[in-house]
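Heads up: the structure comes next, in structure tokens.
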Amino acid sequence: MSETPPNTLQYRFDGPEDAPVLILGPSLGTTWHMWDRQVPELTKQWRVLRFDLPGHGGAPARPAGSVGELADRLLATLDALGVQRFGYAGCALGGAIGLELALRRPERLASLALVAASPRFGTADEFRQRGVVVRSNGLDPIARSAPDRWFTGGFAAAQPAITEWAVQMVRTTDPGCYIAACEALAGFDVRPELGRVGVPTLVLVGSDDRVTGPAEARTLVAGIPDARLAVVPGASHLVPVEQPAAVTDLLVRHFSTAWQQPFDTGQTALPAAPVNPALAAAPRFAPRAEIAPAAVPQAQPFGEPDRYGTGLKVRREVLGDAHVDQVLAQADDFSGDFQELVTRYAWGEIWDRPGLDRRTRSCVTLTALVAGGHLEELAAHTRAALRNGLTPDEIKEVLLQAAVYCGVPAANSAFRVAQQVIREETTPAE
């Protein structure tokens with residue numbers, strides 16, 4: 001196990017130090033132990049490096065707010081170890097890191113496996129909403145619902161030790177790092193760039209995955225020129241845990257036959273920790289794989305975005321896709337120019353200025369809306385304030401301050417609006 005300097009990741013090695021390096025990346029809310037059942041077989045051919053996300057598994061709580069930053073930290077870790085070329089398999093968020101590596105540093109990557117992954121994970125609103133729930137309630141609601149997202153019902157019932165392990169793994173994650181990882185997934189979208197992934201890629205998915213299922217996997221296969229799809233029966237999102245033997249067989253087959261030479265090692269062996277006893281072997285299923293034709297999307301123009309493009313991005317990040325989509329859909333020949341003005345100047349100029357962070361801008365905006373009596377805008381900006389990192393208690397303090405300087409009647413109305421929004425946004429989904 002590693003000591004972790006700043007801007008790198010906590011890692012561990014298993015396997016012979018003169019073998020090519022194979023990296024295994026974890027999912028959000030998990031630790032490197034999610035790969036325990038794959039390690040004994042993989043280390044027969046590879047030197048396996050596993051890493052923890054920031055604030056996961058006891059790793060230092062240094063939040064990373066983008067997938068690109070996580071990829072940079074992994075590369076810095078590898079640089080310090082002298083690892084130049086490697087194979088990579090990642091699950092969910094770990095898969096997003098793998099895609100980022102393939103797009104930004106293809107010369108480092110020998111082969112790629114994407115497990116329970118997607119070029120875009122749900123919607124930005126969903127992940128920012130999850131961040132609001134964690135900021136308001138802690139990780140316990142997310143931890144208790146993890147087995148439903150990660151495993152099939154039959155597996156969860158038959159493997160109570162693994163189910164409890166999953167709950168505790170999430171519960172012991174640093175909340176700030178979890179929120180930052182949600183923000184990273186909210187901003188991740190490489191759909192237009194899949195055609196630039198130039199390494200052999202295995203796309204592996206559980207047949208019963210309701211988080212990133214076969215539909216998302218087929219999107220990856222259709223976009224990546226050299227990709228193969230493997231669907232594992234009887235598995236949900238954490239397919240390496242639920243069907244360890246099938247996943248191991250598929251990884252061994254892929255990395256044995258699709259490894260682009262040369263590779264370069266040079267790292268020093270570190271002692272291996274024992275396999276987590278909770279991850280007992282699950283029933284073995286023979287995997288089935290299917291190949292889908294590749295379709296290369298048109299490349300997007302490269303360059304700095306204009307103010308409208310920047311403003312639209314910031315507006316979506318602050319107010320949410322659903323709100324912005326609704327507003328823009330209602331625009332017509334009469335109001336369209338106004339919406340463009342708001343997007344370009346309010347969001348592309350003012351909200352994008354570096355002088356104030358978004359939390360502070362939300363405080364100022366809430367106060368101004370109370371002073372002006374603009375309750376129809378207050379609900380949207382209360383949601384925005386939660387997404388920008390304000391807690392319900394901090395929003396309460398802003399409204400109390402506004403009551404002194406803007407008037408009690410105005411604040412009374414504002415409290416009613418904000419109370420309803422906070423109740424809706426911070427109540428965990430059943």
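Only this structure's heavy atoms are used, side chains among them; waters, hydrogens and symmetry mates stay out.
- Between P119 and L194 the shortest heavy-atom distance is CB-CD1, 4.0 Å.
- Side-chain N/O atoms of T360 and D357 include a donor and acceptor closer than 3.5 Å.
- There is a side-chain donor-acceptor pair under 3.5 Å between R149 and S145.
- In this structure, the side chain of Y88 engages the main chain of G94 through a donor-acceptor pair within 3.5 Å.
- A heavy-atom distance below 4.5 Å is found between the side chains of Y308 and E340.
- The backbone N or O of P40 lies less than 3.5 Å from a partner atom in the side chain of T43, making a donor-acceptor pair.
- The minimum heavy-atom distance linking A19 with Q45 is given by the pair CB-O, 3.6 Å.
- With values rounded to the nearest 0.5 angstrom, C182 atom SG is found 10.5 Å from R128 atom CZ.
- Checked by atom type and distance alone, the side chain of Q38 pairs as donor or acceptor with a backbone atom of P244 at under 3.5 Å.
- Taking the side-chain contact (heavy atoms from CB on, under 4.5 Å) definition, one finds that A385 meets it with S362, L366, L390, I395, sequence neighbours left out.
- E216 and R120 are not joined by a salt bridge, as no carboxylate oxygen comes within less than 4.0 angstrom of a charged side-chain nitrogen.
- Residues Q330 and S335 have side chains not in contact (no heavy-atom distance under 4.5 Å, counting atoms from C-beta outward).
- N137 has its side chain out of reach of I142: every pair of non-hydrogen atoms, C-beta onward, lies at least 4.5 Å apart.
- The side chain to side chain contact (heavy atoms under 4.5 Å, CB included) test with I224 singles out one residue from T219, L114, V199, L112, and that residue is L114.
- Heavy-atom contacts from other residues, nucleotides or ligands closer than 6.0 Å to CZ of R353 number 12 or fewer.
- With rounding to the nearest 0.5 angstrom, the CZ atom of F127 is 7.0 Å from the CG atom of L28.
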Open item on the list: Using the rule given for salt bridge (charged side-chain N to carboxylate O under 4.0 Å, His left out), can you reason through E349 versus R307, listing the C-alpha separation, both sets of side-chain angles and the distance that settles it, and then say yes or no?
Closed with: CA-CA 7 Å; E349 291 279 357; R307 282 299 174 187; 3.7 Å; yes
- [ ] Give the C-alpha distance, both sets of side-chain angles, the deciding distance and a yes or no for side chain to side chain contact (heavy atoms under 4.5 Å, CB included) between W347 and V324.
- [x] CA-CA 12 Å; W347 297 101; V324 175; over 6 Å; no
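- Between the OG1 atom in T30 and the CG atom in D52 there is a gap of 8.0 Å [rounded to 0.5 Å].
- With contacts defined as side-chain heavy-atom distances shorter than 4.5 Å, the pair V314/R358 qualifies.
- A salt bridge links R12 with D14: at least one charged nitrogen is closer than 4.0 Å to a carboxylate oxygen.
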TODO: Decide salt bridge (charged side-chain N to carboxylate O under 4.0 Å, His left out) for R316 and D125; before the verdict, give the C-alpha distance in whole Å, the side-chain angles of both, and the deciding distance to 0.1 Å.
DONE: CA-CA 9 Å; R316 288 185 178 279; D125 288 357; over 6 Å; no
Open item on the list: Before you tell me yes or no, could you show the steps for E41 and T248 under side chain to side chain contact (heavy atoms under 4.5 Å, CB included), namely the whole-Å CA-CA distance, both residues' side-chain angles and the distance that decides it to 0.1 Å?
Closed with: CA-CA 7 Å; E41 188 67 27; T248 302; 3.5 Å; yes
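- In this structure, Y178 and H56 have parallel ring planes: the angle between them is below the 30° cut-off, well short of the 60° mark.
- Side chain of E377 to main chain of L369: no donor-acceptor pair is present (N/O by atom type, distance under 3.5 Å, no hydrogens or angles).
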Open item on the list: Before you tell me yes or no, could you show the steps for R228 and H254 under side chain to side chain contact (heavy atoms under 4.5 Å, CB included), namely the whole-Å CA-CA distance, both residues' side-chain angles and the distance that decides it to 0.1 Å?
Closed with: CA-CA 9 Å; R228 181 169 62 93; H254 173 68; 4.1 Å; yes
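- Ring geometry for F121 versus F188: interplanar angle of 30 to 60°, hence tilted.
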TODO: Step by step, work out the side chain to side chain contact (heavy atoms under 4.5 Å, CB included) result for L53 and C177.
DONE: CA-CA 8 Å; L53 298 167; C177 289; over 6 Å; no
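- Using a cut-off of 4.0 Å between Lys/Arg side-chain N and Asp/Glu carboxylate O, R105 and E107 are scored as salt-bridged.
- Between Y11 and F13, the ring planes lie perpendicular to each other; the angle is over 60°, past the 30° to 60° tilted range.
- Interatomic distance, OH of Y345 versus CG of D352, reported as 14.5 Å (0.5 Å rounding).
- The minimum heavy-atom distance linking P160 with A157 is given by the pair CD-O, 3.9 Å.
- Under the 3.5 Å distance criterion, the side-chain polar atoms of R135 are matched with a main-chain donor or acceptor of L386.
- By the 4.0 Å N-to-carboxylate-O rule, K313 lies close enough to E317 to be salt-bridged with it.
- Between L319 and A380, the shortest heavy-atom contact is CD2-O, 3.9 Å.
- To the nearest 0.5 angstrom, R85 atom CZ is 7.5 Å from L109 atom CG.
- Annotation: side chain to side chain donor-acceptor pair (under 3.5 Å) contacts of R315 (sequence neighbours excluded): Q339, T343.
- Judged by distance alone, the side chains of T152 and E242 do bring a donor and an acceptor atom under 3.5 Å apart.
- A 4.5 Å side-chain heavy-atom check between M169 and T173 finds every atom pair outside the cut-off.
- Side-chain N or O atoms of T201 include none that pairs as donor or acceptor with a backbone N or O of A113 at under 3.5 Å.
- Among all heavy-atom pairs drawn from P54 and L9, the shortest one is CD-CD2, 4.1 Å.
- The shortest distance between side-chain heavy atoms of V239 and D209 does not fall below 4.5 Å.
- Here the side chain of T310 pairs no donor or acceptor atom with the backbone of G348 at under 3.5 angstrom.
- By the neighbour-count criterion of 12 heavy atoms within 6.0 Å, atom CZ of R104 is densely surrounded, having more than that number from other residues, nucleotides or ligands.
- With contacts defined as side-chain heavy-atom distances shorter than 4.5 Å, the pair E69/R73 qualifies.
- Side-chain contact between L22 and L42 is present, with heavy atoms from C-beta onward closer than 4.5 Å.
- When every heavy atom of G87 is checked against every heavy atom of F255, the shortest pair comes out as CA-CE2, 4.2 Å.
- Salt bridge annotation for R108-D79: present, with a cationic side-chain nitrogen under 4.0 angstrom from a carboxylate oxygen.
- Under a 4.0 Å N-O distance rule, the pair D140/R144 qualifies as a salt bridge.
- At least one donor-acceptor pair closer than 3.5 Å links the side chain of E394 to the backbone N or O of T391.
- Atoms CD and CG, on Q243 and D249 in that order, are 11.0 Å from each other to the nearest 0.5 Å.
- Salt bridge D148/R210: absent, no basic N to carboxylate O contact under 4.0 Å.
- Judged purely by atom type and a 3.5 angstrom limit, E126 uses its side chain to pair as donor or acceptor with the backbone of T123.
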